[in-house]
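Heads up: the structure comes next, in structure tokens.
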There are 2 protein chains.
Amino acid sequence: MALAARKMPVQPRAQATVEAILAAAAGILEREGPTRLTTNAVAAQAGVSIGSLYQYFPNKQALTAALIERSSGSLETSVVQAGRDAKTMLFEAGLRLLVRTIVRHQLDRPGLERTLAYEGRRLPVDDGAARRVNVVIRSFLEQHRGRLWGSDINAAADDVQSMTRSLTDASVRRGDRNADLIELRVVRALRGYLCR
Amino acid sequence: MALAARKMPVQPRAQATVEAILAAAAGILEREGPTRLTTNAVAAQAGVSIGSLYQYFPNKQALTAALIERSSGSLETSVVQAGRDAKTMLFEAGLRLLVRTIVRHQLDRPGLERTLAYEGRRLPVDDGAARRVNVVIRSFLEQHRGRLWGSDINAAADDVQSMTRSLTDASVRRGDRNADLIELRVVRALRGYLCR
DNA sequence: ACCTGAACACCGTTCAAGT
DNA sequence: ACCTGAACACCGTTCAAGT
């Protein structure tokens, strides 16, 4: 199953078409969940014909894959900056900054992010941006290796993201979207998890 | 959308039909994911006609809902026992026991459990067993309220499950299914998260 | 009480025809 | 280069007919 975009839009009109398709897909995923994400509904809400959709996306999953890559890309941008800043900070402050960055990203559109995270594990998306996010976190942790519970830094970087996402998600589900409070709780959990 | 079973099988033959349907649904969800869960595929693999399936389940989602309730039911059984035992233990040991119970349950069929957890949030399942699991954890935490970061014990009980599930899941995804090691890491994270 | 499978509406995807 | 919508295979669900 290929997920790559089938063809790049070159004319501005076509770029607008692709934007409208992706915006419609994101909206449907966010409001109604993956079950309601039908190619017909996406095309209708985007105001284009079903044929146009298939000119740029080879199948339905490619829509989700494209949204995943966009989301990872924007997270990468902010995490790379945060990683740079964290380099000059004490462990505690740097961790807090990285966590804040991930929490804010997820709070931007929590329902959409949760769906994308789940779908991303079932689809063979080759998500370079997500890997680079992991690298930034790993570098930060390596810088403070001495404080940490040794063993597997790669796994630790992975778990930093898992825990941040799941605690944010659980918090949103309870109706609490206060970024500062979530950040505080996540950092508390991560300190216990990472440090010896 | 109704998710309740449409009709209870009374004759042994019919009970076998329902069992075969649910076993087929679980197998497909586990091996191929929710996209491949089609009512036709379930009926075919269960060796019954599509009509029989709809005699007991009002729609496709009801299959998933039934699997969720079975899973929660079996978790409830073991968590209730663990909660009883934990009552006489020190905080650290009791927490470890509860965590172990949840980790073991999830490691039993990790792929299936992950799917069910996600689907459970999108479906209006009225999961009494899951609520009772939460109550057991909450009672345990309340017993040690003095040690904890005050505020919201209900949220804390919720987060105990979120963190346990997400760390177990992340670990399995990396290929590490060692229950003891996972338990150790989860308890470390939870101690930092819960205790002041 | 339980089972069956043809029938119908709808969804994913293609393709020939257009500008 | 881009757009359109009829067409086809398949899936969810029903229902009349059976044991």
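Small disclaimer: the values here were computed from a predicted structure and weren't measured. Here is how names work: the chains are called A, B, and so on, in the same order as the sequence lines, proteins then strands, and each is numbered from 1.
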Review point. How long is the line joining CD of A/Gln15 and P of D/dC3, in whole Å?
Key: 11 Å
Exercise for review: Might you point out which heavy atoms bring B/Ala46 and B/Ala20 nearest each other, and give the distance in Å?
Suggested key: CB-O, 3.5 Å
Review point. Is B/Leu37 touching bases, backbone alone, or none of the nucleic acid, heavy atoms closer than 4.0 Å?
Key: sugar-phosphate
Review point. Can you tell me the Watson-Crick or wobble partner of C/dT19, both distances under 3.5 angstrom?
Key: D/dA1
Revision key, fill the gap. Scanning both residues in full, the closest heavy-atom pair of A/Pro58 with A/Ala2 reads CG-O, 3.7 Å
Check your understanding: Rounding to a whole Å, what distance do you find between B/Lys60:NZ and D/dC10:P?
Key -> 17 Å
Point to revise | Candidate nucleotides C/dG5, C/dG12, D/dC2, ranked by approach to the side chain of A/Ala14 - the nearest | key: D/dC2
Exercise for review: Over all heavy atoms of both residues, which pair between B/Phe91 and B/Phe140 is shortest? Give the atoms and the distance, please.
Suggested key: O-CZ, 3.5 Å
Check your understanding: Which nucleotide in the set D/dG12, C/dC3, C/dT13 lies at the smallest distance from any side-chain heavy atom of B/Thr17?
Key -> C/dC3
Practice item. Give one of base, sugar-phosphate or nothing for B/Phe57, where a contact means two heavy atoms less than 4.0 Å apart. Key: nothing
Review point. Should A/Arg6 be listed as having a side-chain N or O under 4.0 Å from OP1 or OP2 of C/dT14?
Key: yes
Review point. Which comes earlier along DNA chain C counting from the 5' end, the contact point of B/Gln11 or that of A/Thr38, where each point is its nearest nucleotide?
Key: B/Gln11
Check your understanding: Within the pair A/Tyr54 and C/dT14, is there a side-chain N or O less than 4.0 Å away from OP1 or OP2?
Key -> no
Practice item. Could you check how far CD of A/Gln61 sits from P of C/dC11, rounded to whole Å? Key: 16 Å
Review point. Nearest of D/dT4, C/dC3, C/dT13 to any side-chain atom of B/Ser52?
Key: C/dC3
Practice item. Taking only the side-chain nitrogens and oxygens of A/Thr39, find out if one of them lies under 4.0 Å from OP1 or OP2 of C/dG12. Key: yes
Point to revise | Atom pair distance, as rounded to whole Å: CG in A/Asn40 and C1' in D/dC10 | key: 14 Å
Revision key, fill the gap. Taken to the nearest whole Å, CD/A/Gln55 to P/D/dG5 is 14 Å
Review point. Between A/Gln45 and A/Arg31, what is the shortest heavy-atom contact and its length?
Key: OE1-NH2, 3.3 Å
Practice item. Using both distances under 3.5 Å as the test, list the Watson-Crick or G-U wobble partner of D/dC10, or none. Key: none
Practice item. Looking only at non-hydrogen atoms, find the nearest pair between B/Leu75 and B/Thr101 and report the distance. Key: CD1-O, 4.4 Å
Practice item. Mind checking B/Arg36 for me? I need base, sugar-phosphate or nothing, with any heavy atom below 4.0 Å counting as a touch. Key: nothing
Review point. Roughly how many Å is it from CG in B/Leu53 to P in C/dC2, rounded to a whole number?
Key: 15 Å
Revision key, fill the gap. Side-chain atoms of B/Tyr56 come closest, of C/dC2, C/dT13, D/dT4, to C/dC2
Exercise for review: May I ask you to check if B/Arg6 and B/Tyr56 form a cation-pi contact, with NZ or CZ under 6.0 angstrom from the six-membered ring centre and within 45° of the axis?
Suggested key: no
Practice item. Would you indicate which nucleotide in C/dG5, D/dG12, C/dC2 comes nearest to any side-chain atom of B/Arg13? Key: C/dC2
Study note, to complete from the structure: Rounded to whole Å, CE of B/Met8 lies from C1' of C/dA1 at a distance of 15 Å
Review point. If you check the A/Ile50 side chain, which of C/dC2, C/dG12, D/dA6 turns out closest?
Key: D/dA6
